[in-house]
Novice: 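My questions will all concern the structure given below.
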Amino acid sequence: MGNRICNVQVGTQKKQYAQGTTFLELAREYQSQYRDEIVLAVFNNKLRELGRTIETDGVLSFLTTADTKGRKAYRRSMVMLLEKALYNLYGTGTRLRVMHTLGQGQYCELDGALSVSKKLLEEVSAEMHRLVEADIPIGKNTIHTDLAITRLQEYGMEDKAKLFRFRRSSHVNLYNMEGFQDYFYGYMVPSTGYLKYFELQQYEDGFVMVFPYEDTKKAAQFQTSQKLYHTLMEAAAWAKQMQISTIGELNEKIVNGKVQDIILLQEAEMEKRIGKIAEQIATGRDKKFILIAGPSSSGKTTFSHRLSIQLQAHGLTPHPIGMDNFYVDREKTPLDENGQYDFECLEAIDMELFDSTMEKLLAGERTELPHFNFINGKREFKGEFLQLGPEDVLVIEGIHGLNNRLLTTLPKETKFKIYISALTQINIDEHNPIPTTDGRLIRRIVRDAFMRGTSAEHTIEMWQSVRRGEERNIFPFQEQADVMFNSALIYELAVLKMYAEPLLFAIRPDSPQHMQAKRLLKFLDYFLQVPSEEVGKNSILREFIGGSCFHV
């Protein structure tokens, strides 16, 4: 008796396929309708690798290397290709550490006898291209967790062994490339033949594997921020000093009763960095405008409060000013490509009023400050005046704080620019870094639910729009900052877990946001939970979980 026939809807087409047909077969059938290469399938609102098979009736769509999830699968698979090339050439003696995302590339370092050189990268690149030409299948096997630990230790992957020690499931999926095995957080492409486009470039103490971006058929031009790189490396060095470079190491500290020590040390280290910034500002007494900018959920508000306290300790009198109060009236707000108000573009700010207000304050004039009424969408003046004396400084928070189109007439020496972001210090393991956007998204899900009454589903739905605004209005200017401040806390995801999980479980399977929720739940499952009672009242984390001593 033959296989059962499954009814499958692809777009407006309804077709029948034999049960057991792979999504890869269907992808080949529909590839001509897509400009970019299909790498994943979505079947009945569930993400599927192309090697999986159709077993029931359903609705099917495809994701390509131009889609966010498809792009991540490509980049994840590239890491395994790089590992396999290193293994083929140099055996298990060289340990690859995949560290940070820089521009459209992944920064990596090698531990062991080998040092990064142009010659070595040429050899590795040639071997990677050979593997691509061979079009080797990337398979997946489910094995017992204890056996997986043994296999990975044979390759020297001790970080993964530590991670799996805290795994609740008795089985784990390992990917296989011509006998070489590894574990990855997320889905992969079907074979090495998909991984044609990349470059390896020597950079600082390691190298960058550069991926395609908008043009998916060639490696992007590598551009990065030196300040960002050094901020990331400082955070990684501190995590290494604390012996918490991975989730497995954090979990070990938790089970050994070291949580309170970790929290106190992290908060002390952060306060030290804030104090150093305040000292830098106070030393140059001509600084009058402290401009703080950064992407969503970076902890800008708490940071500005803590910086203000440190500035006062140095004899200055800080005055907080929100750039949002300088919005144009709502009907004058520019519209985005979808016809919606674009509150994140620079033109949503009354730049003329903002600049003239700051010019008057710098000149020592008594000046009235505006307030924006978010209910009626109008700017109001409520009789709040300010006049700057010799010790007064303005602490200005807003996403456009680093944009040179603002405050163009003010002397450069009067401005001090701070870029703040939550740049996660720890990795899942040696080959799976934690995307900084995931940390910020989980922060925002928790904050929006408990402080703004917004569901996790809505927060996730809006996230891509938020990210597009950051790409346009914040990231291009980060290198112009005088200082970069990393607001990520090494322990925070272990605390956020208890708040985020119920919110993510509330997203129903038929929701378009369910795939993202499921992915985040899987990610949070790696962490052991830490009670929030241990977190100090002035911590940046309190901005998201509540209980802050500041008005945030």
Side-chain angles (χ1 to χ4, degrees), residues 95 97-102 106-109 111 158-159 162-163 203-206 224-254 256 258-280 294-295 297-299 302-303 306-307 310 418-440 442-443 478 481-496 526-528 530 534-536 538-543:
R95 190 178 180 203
R97 186 165 292 280
V98 180
M99 299 182 71
H100 314 299
T101 298
L102 293 176
Q106 197 80 50
Y107 177 72
C108 307
E109 290 185 351
D111 295 339
E158 294 296 335
D159 290 347
K162 287 178 184 175
L163 183 72
Y203 184 75
E204 296 289 343
D205 296 328
T224 189
S225 157
Q226 280 294 100
K227 287 192 177 88
L228 178 63
Y229 166 79
H230 288 295
T231 303
L232 287 164
M233 293 307 291
E234 282 171 13
W238 188 79
K240 189 175 181 180
Q241 178 188 324
M242 292 282 292
Q243 297 181 312
I244 311 176
S245 295
T246 63
I247 295 176
E249 289 177 339
L250 174 62
N251 287 340
E252 284 184 338
K253 297 284 188 184
I254 293 169
N256 291 329
K258 301 292 186 182
V259 168
Q260 188 64 65
D261 292 346
I262 292 167
I263 291 173
L264 290 172
L265 281 167
Q266 172 79 91
E267 294 293 350
E269 184 270 343
M270 185 169 281
E271 193 66 26
K272 181 181 175 184
R273 285 189 284 125
I274 295 171
K276 193 174 178 182
I277 294 170
E279 185 178 357
Q280 198 174 338
S297 304
S298 293
T302 301
F303 172 79
R306 288 175 65 170
L307 178 63
Q310 288 284 352
I418 302 170
Y419 174 81
I420 176 173
S421 187
L423 305 168
T424 315
Q425 302 102 319
I426 61 173
N427 284 5
I428 296 173
D429 55 50
E430 54 265 87
H431 302 139
N432 290 276
I434 297 173
T436 58
T437 52
D438 280 357
R440 291 193 294 111
I442 291 168
R443 279 183 171 188
Q478 62 187 15
D482 295 293
V483 167
M484 273 194 185
F485 184 83
N486 183 9
S487 69
L489 299 154
I490 209 162
Y491 64 86
E492 69 175 76
L493 288 162
V495 175
L496 289 167
Y526 293 126
F527 291 88
L528 294 181
V530 168
E534 306 280 3
V535 180
N538 71 336
S539 174
I540 278 176
L541 192 54
R542 288 288 175 189
E543 188 171 325

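Computed from a predicted model, the values in this text were never measured in an experiment.
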Novice: After noting the C-alpha distance and the side-chain angles of I490 and I426, does the key distance pass the side chain to side chain contact (heavy atoms under 4.5 Å, CB included) rule?
Specialist: CA-CA 7 Å; I490 209 162; I426 61 173; 3.5 Å; yes

Novice: Just to verify, which of I254, L541, I244, V259 counts as forming a side-chain contact (heavy atoms from CB on, under 4.5 Å) with Y491?
Specialist: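 When side-chain contact (heavy atoms from CB on, under 4.5 Å) is applied between Y491 and each of I254, L541, I244, V259, only L541 qualifies.
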
Novice: Does R440 use its side chain to pair, donor to acceptor, with the backbone of S297 at less than 3.5 Å?
Specialist: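 Not a single qualifying donor-acceptor pair exists.
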
Novice: Show the numbers, then the answer: is there a side chain to side chain contact (heavy atoms under 4.5 Å, CB included) between F527 and L496?
Specialist: CA-CA 10 Å; F527 291 88; L496 289 167; over 6 Å; no

Novice: Does K227 reach the main-chain N or O of A481 with its side chain, forming a donor-acceptor pair under 3.5 Å?
Specialist: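 Yes; judged by distance alone, with no hydrogens or angles, the pair exists.
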
Novice: D261 and K258: side chain to side chain contact (heavy atoms under 4.5 Å, CB included), yes or no, with the steps?
Specialist: CA-CA 5 Å; D261 292 346; K258 301 292 186 182; 4.1 Å; yes

Novice: Could you please spell out the steps behind the side chain to side chain contact (heavy atoms under 4.5 Å, CB included) verdict for Y107 and T224?
Specialist: CA-CA 11 Å; Y107 177 72; T224 189; over 6 Å; no

Novice: Among L489, N486, I434, find the residue that satisfies the side-chain contact (heavy atoms from CB on, under 4.5 Å) test when tested with Q425.
Specialist: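 Single pass found, and it is N486.
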
Novice: When you measure from the side chain of D482 to the backbone of Y419, do you find a donor-acceptor pair of N or O atoms at a distance under 3.5 Å?
Specialist: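 Judged by distance alone, no pair lies under 3.5 Å.
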
Novice: What heavy-atom pair brings I418 and L307 nearest, and what distance separates the two atoms?
Specialist: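 Here I418 and L307 meet closest at CD1-CD2, 3.7 Å.
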
Novice: Nearest 0.5 Å, please: how far is CG in L250 from CD1 in I262?
Specialist: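 That separation rounds to 5.5 Å.
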
Novice: Would you name the heavy atoms of S487 and I540 that are closest together and state the gap between them?
Specialist: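 Here S487 and I540 meet closest at CB-CD1, 3.8 Å.
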
Novice: I'd like to know if the side chain of S539 and the backbone of G536 have a donor-acceptor N/O pair within less than 3.5 Å.
Specialist: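 Here the side-chain-to-backbone pair does not exist.
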
Novice: State, yes or no, whether a side-chain contact exists between M99 and M233 at a heavy-atom distance under 4.5 Å.
Specialist: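 Touching, per the 4.5 Å side-chain cut-off.
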
Novice: For the residue pair Q243 / E252, report whether a side-chain donor-acceptor contact shorter than 3.5 Å exists.
Specialist: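 No, no side-chain donor-acceptor pair sits under 3.5 Å.
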
Novice: Can you name the nearest heavy-atom pair linking R443 to A422, along with the distance?
Specialist: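 It is NH1-CB, 3.6 Å.
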
Novice: Say whether, by atom type as modelled, one donor and one acceptor occur between the side chain of E543 and the main chain of T302 under 3.5 angstrom.
Specialist: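 Yes, E543 side chain to T302 backbone: donor-acceptor pair under 3.5 Å.
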
Novice: Could you tell me whether the side chain of M484 reaches within less than 4.5 Å of the side chain of S225, counting heavy atoms only?
Specialist: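 A side-chain contact exists here, since the closest heavy-atom pair is under 4.5 Å.
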
Novice: Are the side chains of Y203 and L102 in contact, using a 4.5 Å heavy-atom criterion?
Specialist: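 The answer is yes; the side chains approach within 4.5 Å.
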
Novice: Taking only Lys NZ, Arg NE, NH1 and NH2, and the carboxylate oxygens of Asp or Glu, determine whether E271 and K276 approach each other closer than 4.0 Å.
Specialist: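 Salt bridge absent between E271 and K276.
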
Novice: Looking at I274, is its backbone amide N or carbonyl O close enough to the side chain of R306 to form a donor-acceptor pair, meaning the two atoms are under 3.5 Å apart?
Specialist: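 Absent.
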
Novice: Look at E269 together with R273 and state whether they make a salt bridge at an N to O cut-off of under 4.0 Å.
Specialist: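 A salt bridge links E269 with R273.
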
Novice: By the side-chain hydrogen bond (donor to acceptor under 3.5 Å, both in side chains) test, which pairs, at least two apart or in different chains, include something from residues 428-439?
Specialist: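 Sorted pair list: E83-H431, R95-E430, K160-D429, K160-H431, D182-H431, D429-N432, D438-R519.
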
Novice: Is the shortest heavy-atom distance from the side chain of N427 to the side chain of I247 under 4.5 Å?
Specialist: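 Sidechains of I247 and N427: no contact.
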
Novice: Quick one, I277 and F303 - any side-chain contact, counting heavy atoms below 4.5 Å?
Specialist: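 SC-SC contact between I277 and F303 confirmed.
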
Novice: Quick one: closest heavy-atom pair of R542 and V535, and the distance?
Specialist: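 Nearest heavy atoms, R542 then V535: NH2-O, 2.8 Å.
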
Novice: Measure the spacing between CG of L493 and CD1 of I442 and express it to the nearest 0.5 Å.
Specialist: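 Between L493 CG and I442 CD1, I get 5.5 Å after rounding to 0.5 Å.
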
Novice: Which pair of non-hydrogen atoms, one from A494 and one from L528, has the smallest distance, and what is that distance?
Specialist: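 Minimum heavy-atom separation between A494 and L528: CB-O, 3.2 Å.
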
Novice: Ignoring hydrogens and geometry beyond distance, is a side-chain donor-acceptor pair present between E234 and Y229 at under 3.5 Å?
Specialist: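 Short answer, no.
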
Novice: Which pair of non-hydrogen atoms, one from P435 and one from P433, has the smallest distance, and what is that distance?
Specialist: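 Closest approach of P435 to P433: CD-O, 3.5 Å.
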
